[in-house]
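Reviewing the structure listed below.
Values in this document were obtained by computation on a predicted structure and should not be read as measured data. Scope of the values below: all heavy atoms of this structure, side chains included, with no hydrogens, waters or symmetry mates. Sequence lines set the chain letters: A, B, ... in the order given, protein chains first and strands last, and positions in each chain run from 1.
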Amino acid sequence: MALKSPPFPEKGAEWPADTRADDASSGTGAEGRFTRRFTASDRTTRVVLAALDARLVKLGVDEDDRASAELILAEALNNICEHAYAGKGGPVEMIVDIRRAGLTCLLCDCGQPIPGGAPPGGGLPIIDPPDNVPEGGFGWHIIRCLSTDLRYRRDNGWNRLSFRVIFASFD
Amino acid sequence: MHLTTRRSDAGLVIGVEESRIDAAVAIEFKEAVRRAAAGSDEAVILDLSQVTFLDSSGLGAVVAVMKLLAPQRALELAGLTPSVARVFRLTRMDSVFTIHPRAPVGADPALKATG
């Protein structure tokens, strides 16, 4: 994993929504880096995903590939909001390296670690209508279906989750 | 949460006039659909043709609406955009719902906006 995170502020520090840490383009027109620091919430997730999507549009990424990226990121950020920070918010750093063949994403937060020290497997919850239709438990399945190289580690009080999204339209 | 409702021969059509059903609006969505469906015993057809993004929270809210209406009233879905259809497919929830390519045309042209 080539991504290196810049130093974080003190644990528990608040970042305003949509703080632009660094956006660099390599100049090729199809590659770039998208970085954001923000305080985890459902609303900031929307703001950050919209900004990333605008960036991917600018880089000419295909609609289906943008939809995949947005969905995985949404699921991963929802997990941080709901589980790592239990709805209370906290700092998140997101670093996305965009290449023609796909993107690599690193998400860091200092919330609760993932139980068991590893992301859950990608199994679906039991679906047995009409009596047993789950309302949740799909997030990691979606992430695992649409990404590769999913890695997680706990590092000095921080969760570091990284994964790749291969662009299907790339040939 | 902007919804429209209209009657059709197949049931009450509730149109979701939002581009996203995600974690930020999942609870609001569930409540708004519940209110829009109240006061009738017809099947509900949820027209999702304007929704371009649905995450697992949004999916959970759709399932919650189905459970609110059951067992007396069915919840069916219509007009799934490609990215929304994919979430249903990936999670196999396309096997739980009856999904129509598009919402039935209304017998009653009077549109009632809610929410």
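- Cluster annotation: B:Leu12 is not connected to B:Leu68 through the hydrophobic network of ILVMFWY side chains, with a link wherever side-chain heavy atoms come within less than 4.5 Å.
- If you measure heavy-atom distances from A:Pro129 to chain B, the contacts under 4.5 Å come from the side chain alone.
- The hydrophobic cluster containing B:Val33 also contains B:Met1, counting ILVMFWY residues as joined when their side-chain heavy atoms lie under 4.5 angstrom apart, directly or transitively.
- Heavy-atom distances place the side chain of A:Leu49, and not its backbone, under 4.5 Å from chain B.
- B:Val62 does not touch chain A: none of its heavy atoms, backbone or side chain, sits under 4.5 Å away.
- Using a 4.5 Å cut-off between heavy atoms, B:Ala70 does not touch chain A at all.
- Counting heavy atoms of neighbouring residues, nucleotides and ligands inside a 6.0 Å radius, atom CD1 of A:Ile166 exceeds 12 of them.
- Under the salt bridge (Lys or Arg N to Asp or Glu O under 4.0 Å) criterion, no residue pair touches residues 114-125 of chain A, with sequence neighbours excluded.
- Membership of the apolar cluster around B:Ile45 extends to B:Val13, as traced through chained side-chain contacts below 4.5 Å between ILVMFWY residues.
- Distance CG/A:Leu124 to CG/B:Leu90: 9.0 Å, rounded to 0.5 Å.
- Ranked by heavy-atom pairs under 4.5 Å with chain A, the list B:Pro82, B:Ala64, B:Ala61, B:Pro71 is led by B:Ala64.
- Every residue two or more places apart in sequence or in another chain that forms a ring-ring contact (aromatic ring centres under 6.0 Å, His included) with B:Phe97 is listed here: B:Phe88.
- The shortest non-hydrogen separation linking B:Val96 to A:Ile127 is CG2-CG2, 3.4 Å.
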Donor-acceptor table for chain A and chain B, threshold 3.5 Å:
from, atom 1, to, atom 2, distance (Å)
A:Arg46, NE, B:Asp22, OD1, 3.3
A:Arg46, NE, B:Asp22, OD2, 2.7
A:Arg46, NH2, B:Asp22, OD1, 3.1
A:Ser68, OG, B:Arg86, NH1, 2.8
A:Ser68, OG, B:Arg86, NH2, 3.0
A:Glu70, OE2, B:Arg20, NH1, 2.6
A:Glu70, OE2, B:Arg20, NH2, 3.1
A:Glu75, OE1, B:Ser56, OG, 2.5
A:Glu75, OE2, B:Ser56, N, 2.7
A:Glu75, OE2, B:Ser56, OG, 3.2
A:Asn78, ND2, B:Asp55, OD2, 2.9
A:Val133, O, B:Lys67, NZ, 2.6
A:Glu135, OE2, B:Lys67, NZ, 3.3
A:His141, NE2, B:Leu90, O, 2.7

